[in-house]
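Working notes for the structure below.
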Amino acid sequence: MKRKSDFNRIVSNISETLTNETLIKYVSNNVQLQNIIKKQLEIAFFMLKNNSSTKNEEKLRKISNSFANKYNVKINENLTFSEIEIIDETNSLIIFLKNLCNFDLEKKQYINNNKEIVIDSDNKNNSSINNFNNFLSNFSNDEASVIKNVAIKQIILEKLKQEKENGTIYIYKTKPKKIIYLKWIINFLFIILFFSFLIIGILFGIVISIPKNTDGYTIFDSIIYIICGSFIGISTLKNILEIFGINADKNILKKNKKNENYIYSFPISRIIICIVSATICLFSNLLKSSNNESIIVFIFSNFNSDTIYLLFFIFYLISLASIILIVIGVFFGKNIAPKENEELKKKLIREYELKLKKESIDKKDSTNNKRK
């Protein structure tokens, strides 16, 4: 009986849309609306196979032929649909018209023309929602509809981002083990770079403390290396935690389940920022020494006089080699990192959109009923 009532509902909604004088104008000028009606007609024919009502069949074919001739489209009567598709598409025309022109297909009337949108049922966001609705009241129906759609799209993308960060969904196509091994290698190199920078910072502190130091170094040289090394250390800690599926930017004291999105993703942005910072820091001092000599030339000329310059040279080379190897690792990482599953993203965005719009409509209807 439910299938029969859904069939009657679809036919009734399509009939109302194509006979209402005002709605006909929207149908004529909106290709997206035409596509929705076409899909609903195809679903109705699929449902007709389990509905023996001759009266409804004649009505459906009459509507279908009229629509196909007027808008030059072909209705495929032999398609099949899942239960989920039928439910989604049954509601899509109702939702679309409510957002487009504030027309309630089920009540066959226009609803309160205040362009209201419900974007979150949480009470703490009511003030923002009211401000947004007041903002929409300055626009025409068509303009407000466009703005609402943009707002809904932003909400959907934010929800998708949260689902990814929470580990509710796995957004990538594959789970390559190679990316985990590469991330461990890169983090090991970053740990070497971290200690090398701390040691270089300490060495600068020793040099500037030597009486009659004429090398041109200041306390700033020591501090900059320690700060840069600390930044690299914190970033490396975040990278390591992500290998274990933990988001370091959230409260790690809470019980977080393993998030595979972090385990298999490649944090290229964070790695590049660390590489650039380390390179600038490393080369900013290469020309600093007495008589404007290159520090490497200066180090070689002072090997016998002070071993501290030998240590400078060793850790400069270690740092430089680590950076070069990390850069090579980045190129490998870009090639073996998993690609995002675009089909899954589109499916989820569609599901979120229908759910969000349905919740918005349900809340509007509930509000209207309370007013009555």
Side-chain angles (χ1 to χ4, degrees), residues 5-47 56 59-60 62-64 66-68 70-73 75 81 84-119 129 132-133 136-137 139-156 349-369 371-372:
S5 64
D6 286 343
F7 171 78
N8 293 332
R9 182 186 179 204
I10 289 178
V11 174
S12 175
N13 288 342
I14 296 173
S15 177
E16 176 66 25
T17 305
L18 297 177
T19 56
N20 184 294
E21 292 183 2
T22 304
L23 295 182
I24 290 174
K25 296 178 182 178
Y26 285 104
V27 177
S28 301
N29 298 320
N30 195 308
V31 176
Q32 187 178 355
L33 180 55
Q34 293 173 19
N35 290 333
I36 292 174
I37 295 173
K38 175 179 178 292
K39 189 71 170 288
Q40 297 227 339
L41 285 169
E42 292 171 341
I43 288 177
F45 277 112
F46 169 71
M47 297 175 70
N56 285 335
K59 184 177 181 181
L60 175 61
K62 183 178 178 181
I63 294 172
S64 178
S66 175
F67 177 78
K70 184 172 182 179
Y71 298 103
N72 194 27
V73 296
I75 309 300
F81 299 91
I84 295 176
E85 287 177 308
I86 292 174
I87 293 171
D88 288 346
E89 291 300 330
T90 300
N91 294 323
S92 64
L93 182 59
I94 300 170
I95 294 170
F96 189 87
L97 287 176
K98 279 192 176 183
N99 282 296
L100 179 65
C101 57
N102 290 324
F103 187 84
D104 191 329
L105 265 180
E106 296 180 312
K107 296 180 180 179
K108 306 293 189 292
Q109 65 183 24
Y110 284 92
I111 57 179
N112 187 16
N113 189 22
N114 60 3
K115 309 175 188 71
E116 182 181 1
I117 180 173
V118 181
I119 56 176
I129 295 170
F132 185 71
N133 291 329
L136 286 180
S137 65
F139 299 89
S140 66
N141 284 343
D142 290 343
E143 291 172 330
S145 178
V146 172
I147 295 172
K148 284 194 292 185
N149 288 334
V150 172
I152 289 173
K153 185 67 71 177
Q154 289 300 317
I155 295 168
I156 291 169
I349 288 172
R350 174 67 175 163
E351 289 177 0
Y352 296 156
E353 184 176 12
L354 288 172
K355 183 179 179 181
L356 185 63
K357 288 182 177 179
K358 187 176 184 301
E359 289 176 354
S360 177
I361 290 171
D362 289 344
K363 186 163 184 177
K364 286 183 189 178
D365 290 342
S366 176
T367 304
N368 291 336
N369 291 333
R371 289 174 182 172
K372 291 179 180 180

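Here the structure is a predicted model, which means the values were calculated and not measured.
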To the nearest 0.5 Å, how far apart are CD in Glu42 and OG in Ser64?
8.5 Å
Can you name the residues that form a side-chain contact (heavy atoms from CB on, under 4.5 Å) with Asn35, not counting sequence neighbours?
Val31
Listed partners of Gln34 passing side-chain contact (heavy atoms from CB on, under 4.5 Å), at least two apart
Val27, Phe67, Tyr71
Once salt bridge (Lys or Arg N to Asp or Glu O under 4.0 Å) is applied, what residue pairs with a partner in residues 10-34 remain, sequence neighbours excluded?
none
Would you say CG of Asn72 has more than 12 non-hydrogen atoms from neighbouring residues, nucleotides or ligands within 6.0 angstrom?
no
Could you pull out all residues at least two apart from Ser12 that satisfy side-chain contact (heavy atoms from CB on, under 4.5 Å)?
Lys108
Straight-line distance of Leu60 CG to Met47 CE, nearest 0.5 Å
11.0 Å
Might you point out which heavy atoms bring Lys38 and Val73 nearest each other, and give the distance in Å?
CD-CB, 4.4 Å
Looking only at heavy atoms, the pair that brings Ile75 and Ala68 closest together is CG1-CB, 4.2 Å
Identify, with sequence neighbours excluded, every residue that meets side chain to side chain donor-acceptor pair (under 3.5 Å) alongside Asn30.
none
Spacing of Ile36 atom CD1 and Ile95 atom CD1 [to the nearest 0.5 Å]
9.5 Å
Could you tell me the separation between the CG atom of Leu97 and the CG atom of Asn20, rounded to the nearest 0.5 Å?
9.5 Å
Ser66 side chain to Lys62 backbone, donor-acceptor under 3.5 Å:
no
Provide the closest heavy-atom pair for Ile14 versus Ile37 in the form atom of the first, atom of the second, distance.
CG2-CG2, 4.0 Å
Please enumerate all residues that pass side chain to side chain donor-acceptor pair (under 3.5 Å) together with Lys39, with sequence neighbours excluded.
none
Name all residues meeting the side-chain contact (heavy atoms from CB on, under 4.5 Å) criterion together with Ser15; count only those two or more places apart in sequence or in a different chain, and write none if there are none.
Thr19, Lys59, Ile63
Contact check, side chains of Leu33 and Leu93, non-hydrogen atoms, under 4.5 Å
yes
Is Lys70 close to Ile24 at the side-chain level, that is, under 4.5 Å between some pair of heavy atoms?
yes
